[in-house]
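For reference, positions follow the sequence shown, starting with 1. Side-chain atoms are counted along with the backbone in the values below, which use heavy atoms only and exclude waters and symmetry mates.
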Amino acid sequence: MTRRSRIALLTALPLVLGAGSLLSQPLPTPRNTDWNRERQEYTADMLKDYNQLINEWREAWDSHNPRQVADFYSEGGFLVFTGGEMSQGKPAIQRWLSGLLPNVVDIRLAVMDFVASGRMAYAMGPYWYQYKPEGSAEVMSQTGTYVAVVVQEGGRWRIRSQVFTPETLPAGGAPAPGQAPPVNGEN
């Protein structure tokens with residue numbers, strides 16, 4: 001071993017030994033963090049964002065503007081409405097809504113199940129839908145269950161997929177304005 005190698009080794013040895021003791025130290029962790037509470041607060045914030053998105057989506061339905069409603073969906077988003085027809089992508093959703101929205105009287109959603117993680121959330125609950133069939137003056141009602149998956153794209157929440165499954169209207173008919181749709185046949 002040359003003199004230069006010995007000097008380099010003796011110089012590096014304290015650095016290596018010091019680094020070893022630093023690496024053996026435990027990593028600092030937050031103390032007294034209630035992770036369950038943190039998760040609950042996160043879910044509550046996400047649910048607030050979801051409710052805001054759905055309220056704005058519903059207002060767009062009330063405007064009867066297919067482009068405005070379609071803007072709430074992601075570029076490759078899916079919409080399956082009560083007839084079982086599937087539309088994928090904003091242009092297809094907009095075309096489909098062009099035929100539906102002129103007949104819509106009202107639509108309401110409630111949330112019974114909600115799970116959020118990262119930039120994605122899932123919601124499920126009852127819906128109530130009121131419409132006038134084309135060429136008819138009679139208003140029809142329909143209830144059912146919906147499932148929605150929303151994702152955050154470009155800092156904005158968008159509907160990735162939304163499926164509406166109809167049920168028969170329970171005895172007692174539609175809920176009064178301002179009330180949630182019936183759940184499991186309850187009025």
**Q** Given side chains that start at C-beta, do those of Tyr122 and Asp113 come closer than 4.5 Å, heavy atoms only?
**A** yes
**Q** Could you grab the distance from atom CD1 of Ile107 to atom CH2 of Trp61, nearest 0.5 Å is fine?
**A** 4.5 Å
**Q** Decide yes or no on side-chain contact (heavy atoms from CB on, under 4.5 Å) for Leu109 and Phe164, but give the supporting numbers first.
**A** CA-CA 10 Å; Leu109 307 177; Phe164 292 85; 3.7 Å; yes
**Q** Between Thr82 and Tyr146, is any pair of side-chain heavy atoms under 4.5 Å apart?
**A** no
**Q** Nearest 0.5 Å, please: how far is CZ in Arg158 from CD in Gln152?
**A** 11.0 Å
**Q** Indicate yes or no: at least one non-hydrogen side-chain atom of Leu53 is less than 4.5 angstrom from one of Ile159.
**A** yes
**Q** Working to the nearest 0.5 angstrom, can you tell me the gap between Ile54 CD1 and Leu47 CG?
**A** 11.0 Å
**Q** Rounded to the nearest 0.5 Å, what separation is found between the CD atom of Glu59 and the CG atom of Asn55?
**A** 6.5 Å
**Q** Not counting sequence neighbours, which residues clear ring-ring contact (aromatic ring centres under 6.0 Å, His included) with Trp96? List them please.
**A** Phe81
**Q** Is it the case that Tyr127 and Gln142 place a side-chain donor and acceptor less than 3.5 Å from each other?
**A** yes
**Q** According to a 4.5 Å side-chain heavy-atom criterion applied to Ile, Leu, Val, Met, Phe, Trp and Tyr, with indirect links allowed, do Met86 and Val163 form part of one hydrophobic cluster?
**A** yes
**Q** Give, for atom CZ of Arg160 and atom CZ of Phe78, the distance between the pair rounded to the nearest 0.5 Å.
**A** 6.0 Å
**Q** Would you name the heavy atoms of Leu97 and Pro102 that are closest together and state the gap between them?
**A** O-CD, 4.1 Å
**Q** Leu100 and Met140: same hydrophobic cluster, using ILVMFWY side-chain contacts below 4.5 Å?
**A** yes
**Q** Can you find a heavy atom in the side chain of Val150 that is under 4.5 Å from one in the side chain of Trp57?
**A** no
**Q** Can you see which heavy atom on Phe72 is nearest to which on Ala60, and at what distance?
**A** CE1-CB, 3.7 Å
**Q** If you round to the nearest 0.5 Å, how far is CD of Gln130 from NZ of Lys132?
**A** 9.5 Å
**Q** So which atom in Phe114 and which in Thr43 form the shortest heavy-atom distance, rounded to 0.1 Å?
**A** CE2-O, 3.9 Å
**Q** Under the salt bridge (Lys or Arg N to Asp or Glu O under 4.0 Å) definition, can you give me all pairs with a residue in residues 75-85, not counting sequence neighbours?
**A** Glu75-Lys90
**Q** Under 4.5 Å between side-chain heavy atoms, hopping through other hydrophobics if needed: is there a path connecting Val115 to Tyr50?
**A** no
**Q** More than 12 foreign heavy atoms under 6.0 Å from CZ of Arg119: is that the case here?
**A** no
**Q** Determine whether Arg156 and Asp71 make a side-chain contact, defined as any pair of heavy atoms from C-beta on separated by less than 4.5 Å.
**A** yes
**Q** Determine whether more than 12 heavy atoms belonging to other residues, nucleotides or ligands lie under 6.0 Å from atom CZ of Arg67.
**A** no
**Q** Give the minimum heavy-atom separation between Trp157 and Met46, together with the two atoms involved.
**A** CH2-CE, 3.0 Å
**Q** May I have all residue pairs that pass side chain to side chain donor-acceptor pair (under 3.5 Å) and include part of residues 98-107, sequence neighbours excluded?
**A** Arg58-Asp106, Asp106-Arg108
**Q** Are Val69 and Val104 connected into the same hydrophobic cluster when the rule is that any two of I, L, V, M, F, W, Y join if their side-chain heavy atoms are below 4.5 Å apart?
**A** yes
**Q** Compare every heavy atom of Pro133 with every heavy atom of Glu138, then report the nearest pair and how far apart it is.
**A** O-CD, 3.4 Å
**Q** Which atom names give the shortest non-hydrogen contact between Ser63 and Gln68, and what distance separates them?
**A** OG-OE1, 2.9 Å
**Q** When the ring centroid of Tyr131 is compared with that of Tyr129, is the distance short of 6.0 Å?
**A** yes
